[in-house]
Amino acid sequence: MSTPQPAAESSPAGLPTATVILKPKRARPFFGRHPWVLDSAIGSIDGSPADGEVVDLATHDGHFVARGLWNSKSRIRVRLYAFDAAARLDDQFFTDRILSAVALRRDLGLDAPEAAARLVNSEGDDLSGLIVDRYGKYLAVQITALAMAERLETICNALERALSPKGILLRGAERGLSKLEGLSLADRVVRGDAPTGPIFVEEHGLKFGVDLTEGQKTGYYLDQRDNRQAAARYARGRRVLDMFCYSGGFAVSCAVSGGARSVLAVDASVKATALARANADLNGAANVTAEAADAFEKLDALAAAGERFGMVVLDPPKFARSRSTVDDALRAYHRINRVGVGLLEPGGVLVTCTCSGSVSRDDFLQMLSGVAQRARRSIQILECRGAAPDHPVSASCLEGEYLTCVIARVV
Ligand code: SAH
């Protein structure tokens, strides 16, 4: 059952206990509603806030800018949640934000009982540091900010009120992120029960098994939902290669919805290929072959063997973890795309993705331009897509945009 978390006791009414004063000329991003106040922008602090407490952000000459939550252990010293001096960052405030996020998913038609959707997307829902995914009757909560960890009870109460889930699971944040925030959250069941086996969710008429306690990330790549469907529209009659297949989302969509002739699904993880196999069976797709192999080696081996495909899907993991690794990442993207394009028959379709936030869409398209040059093939970009709309990006925090999925015809 649930364990109570320490509340931010000294500011029960959600009002500030201190004021964080910016250095001169550093207020502009925050008047622009950017939610992250880095240590380097701060001149001084009036008061001594405890971590997780409400603070005001003010210009160097004392004008109110925004209201947020303090964390001395994070490089993001203050996360901003309100730009109105009358706002109280109390339980009601966070409950309302969560309910508003849930309402958006209802408007998007993602509220069917067996559906899976991201219900809260951190900055994209003005809830910096909180991610909530729904898999049918279960919710997976991922917390990347100390202030949100302290408000876990409030968050769970709001989610229970809105959705009456069978269980709420806390999933660890990505490695490294928790450390940056001074967070130590173990994976656990915070409300109700955990599912005993995989649960089955529906996506565009297909069924997928999701292992919530074992799977990667929060169990399933929800962000690619509409891109899988979009890719399937080009698959009819083609031999498809789904490289980095994880649980076979693209493979099964192309085989079943798309009517592909056959699909070869490859992932380095044996667990992933087992999931892909199981999901293919679940949807009656006998023409999907799942194989565990390293993508770089397998791509080269397929090229060396003179194999040809009508469609190649490349959905690798994040190649760039930070800005400093962007060049290496772009070289890796170039390499797999160069070989992937080489495997395509004339008129074949390339579905190529990046989920590295530090690789911009422009960089990625430039990489593709380089591939066209090297491969001496025309690459016609048909669609340039992002994450599904249950992963909104805040116009005030474009750092939230990380996924690009290009669908192109290779002449
Ligand atoms: N396309 C999937 C998501 C892919 S996530 C979907 O729609 O659900 C990226 C996948 O790449 C992970 O499953 C990971 O196991 C796999 N992976 C990582 N490095 C790899 C490598 N070198 N070769 C093959 N697969 C790799």
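For ligands, and for the atoms within them, numbers begin at 1 and follow the listed sequence.
Using a 4.0 Å cut-off between charged nitrogen and carboxylate oxygen, Asp133 and Arg171 do not count as a salt-bridge pair. Under the 4.0 Å criterion applied to side-chain N and carboxylate O atoms, Glu345 and Arg239 are not assigned as salt-bridge partners. With salt bridges taken as basic N to acidic carboxylate O contacts below 4.0 Å, none links Lys298 and Glu307. Looking at Arg277 and Asp281, a side-chain N of the basic residue comes within less than 4.0 Å of a carboxylate O on the acidic one, giving a salt bridge.
Note: an N/O pair closer than 3.5 Å links Asp315 and ligand 1 by distance alone. Considering backbone and side-chain atoms together, Asp267 places an N or O closer than 3.5 Å to an N or O of ligand 1. Taking distance alone, with nitrogen or oxygen atoms compared against 3.5 Å, Phe244 approaches ligand 1 more closely than that limit. Looking at Ala295 next to ligand 1, an N or O pair under 3.5 Å apart turns up.
Within the listing of ligand 1, atoms 20 (C), 21 (C), 23 (N), 24 (C), 25 (N), 26 (C) sit less than 4.0 angstrom from a heavy atom of Ala268. In the vicinity of Asp294, heavy-atom distances shorter than 4.0 Å reach the ligand 1 atoms 21 (C), 22 (N), 23 (N). Residue Ala293 approaches ligand 1 through these ligand atoms, each under 4.0 Å from one of its heavy atoms: 23 (N), 24 (C).
If you look at Phe30 and Phe83, their ring centroids are not closer than 6.0 Å.
With Pro316, Pro317, Gly249 as candidates, the residue nearest to atom 19 (N) of ligand 1 on a non-hydrogen basis is Pro317.
Annotation for Arg233: atom CZ counts as buried by contact number, over 12 foreign heavy atoms lying within 6.0 Å.
With a 6.0 Å cutoff to the six-membered ring centre and a 45° limit on the axis angle, Arg88 does not count as a cation-pi contact of Phe93.
Only the side chain of Arg228 comes within contact range of ligand 1, with a heavy atom under 4.0 Å; no backbone atom does.
The shell of residues lying under 4.0 angstrom from ligand 1, judged by heavy atoms, excludes Gly248.
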